[in-house]
Amino acid sequence: MSLPQFRLLRPRAIEEAVAYLAKHAGNVRVLAGGTDLIPSMRQKLFEPGSVLDLRGLSELRGIRPQTNGVVEIGALTTLSAIEKSTYLRQHYSVLTEAAATVASPVLRNMGTVGGNICLDTRCLWYNQSLTWRKGCGFCIKKDGNLCHVAPGGTKCWAAFSGDTPPALLCLNAEIEITGSDGRHRISLRDFYTGDGENYRQLLPTELVTRVFLPAESADYRGIYRKLRVRGSIDYPLAGVAVAMKRSNGHVADARIAITAVNPAPLLLQQAGEMLIGKAVDEGLADAVGDLAARTAKPLTTSALTPEYRREMIRVFTKRAVLAAASN
Ligand SMILES: Cc1cc2nc3c(=O)[nH]c(=O)nc-3n(C[C@H](O)[C@H](O)[C@H](O)COP(=O)(O)OP(=O)(O)OC[C@H]3O[C@@H](n4cnc5c(N)ncnc54)[C@H](O)[C@@H]3O)c2cc1C
Ligand code: SF4
């Protein structure tokens, strides 16, 4: 599958990058590591007139603990850099655990945290070649007006399938968004819409430029569990992140988030709250797993059956909670 023709734009500063976005609005795609964008362009899911290559923006690389305890991570920081960061492993282990499971080492060397946050939603009817999609019929997400997964509906249910966003949700991370009008910060929780078609709150003229981990989220015990077909390379088909703080054998705070089973990664507020103030045992971990499974809405967007993926959310949540609470 060949790449469509496009013009490559290579800005050297953030201001130049957002100026390009404003100038080519609607007909430009952002490239960070390119590990998702390039295969999608080969499949003709995107055929932009221009590609904005961010890789010259060196100010957006790096992990920088600030004096106030907040950690700033540039959007172009690779997943390998996150996985290998001793500082993050020590203080934000749920993030290093999740980053280490993305794709394969080669893809983690190229893939960035910004690209992982902005990752397009996935569906068996969408992530296919143009010939395949023409043969089987286009759908709401691209070129059509029906959904093969939920026929009769008007919503796209493509699954958000990134690994680091559930970990970042457990850490109450914020992201910085930069456009030609300046920059602002939002909670990552408010970034995803829950609609598989327009899955993120980002204007075509904006970039995700930085991620911030609050000081109050440091030093939680972190666990990430992921279901995939090939252990060495695949996207998650179900994923669970748990961050837990304990005191005197009881849970002082707990956060649980799931991915790959809904059009957005979800922080399960109630599931975390069920654990607070309690000593974790099999029964409690079971109950939390049941609640997580009830929140998951897997459909036939992905390999493996929805029933199995929902069951694995239950199993992984239970195991992750028990692991986070073990001494
Ligand atoms: C075989 C294979 C297996 C994979 N397995 C996994 C997996 O297990 N888990 C997983 O999470 N991912 C997986 N991926 C997807 C991908 O490698 C990762 O999600 C990676 O983090 C994407 O980052 P990137 O920098 O390469 O993004 P890109 O491909 O450059 O961009 C991805 C999307 O985000 C947009 N974008 C990127 N950066 C920004 C920014 N700063 N601001 C605004 N928009 C931006 C792009 O326009 C594009 O739409 C896999 C990919 C392949 C090919
Ligand atoms: S969920 Fe439906 S609309 Fe969305 S990509 Fe899949 S088939 Fe298309």
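All values derive from a computational prediction rather than experimental measurement. These numbers come from the heavy atoms of this one structure, side chains and all, not from hydrogens, waters or symmetry mates.
With 3.5 Å as the limit, one finds no donor-acceptor pair spanning the side chains of Thr259 and Lys226. In the model, Thr164 has a side-chain atom that pairs as donor or acceptor with a side-chain atom of Asn116 under 3.5 Å. There is no side-chain donor-acceptor pair under 3.5 Å between Asn172 and Ser217. Side chains of Glu176 and Thr209: a donor-acceptor N/O pair is present below 3.5 angstrom, by distance only.
No more than 12 heavy atoms of other residues, nucleotides or ligands sit less than 6.0 Å from atom NZ of Lys23. Atom CD of Glu47 has more than 12 neighbouring heavy atoms from other residues, nucleotides or ligands inside a 6.0 Å radius.
Listed by chain and residue number, nothing satisfies the side-chain hydrogen bond (donor to acceptor under 3.5 Å, both in side chains) test with Asn262 (two or more places apart in sequence, or in another chain).
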Verdict with supporting geometry, Phe212 and Ile73, side chain to side chain contact (heavy atoms under 4.5 Å, CB included): CA-CA 6 Å; Phe212 297 95; Ile73 306 177; over 6 Å; no
Verdict with reasoning, Thr301 to Arg309, per side chain to side chain contact (heavy atoms under 4.5 Å, CB included): CA-CA 11 Å; Thr301 52; Arg309 287 163 54 223; 4.1 Å; yes
Audit row: Tyr199, Tyr192, ring pair (Phe, Tyr, Trp, His ring centres under 6.0 Å) steps and yes/no: CA-CA 6 Å; Tyr199 59 98; Tyr192 299 105; 7.4 Å; no
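Heavy-atom minimum distance, Tyr126 versus Arg133: O-CD, 3.4 Å.
Using a 4.0 Å cut-off between charged nitrogen and carboxylate oxygen, Glu197 and Lys155 do not count as a salt-bridge pair. Remark: Glu311 engages Arg314 in a salt bridge, criterion side-chain N to carboxylate O under 4.0 Å. Using a 4.0 Å cut-off between charged side-chain N and carboxylate O, Asp253 and Arg255 make a salt bridge. Looking at Arg185 and Glu174, a side-chain N of the basic residue comes within less than 4.0 Å of a carboxylate O on the acidic one, giving a salt bridge. Under the 4.0 Å criterion applied to side-chain N and carboxylate O atoms, Asp219 and Lys245 are not assigned as salt-bridge partners.
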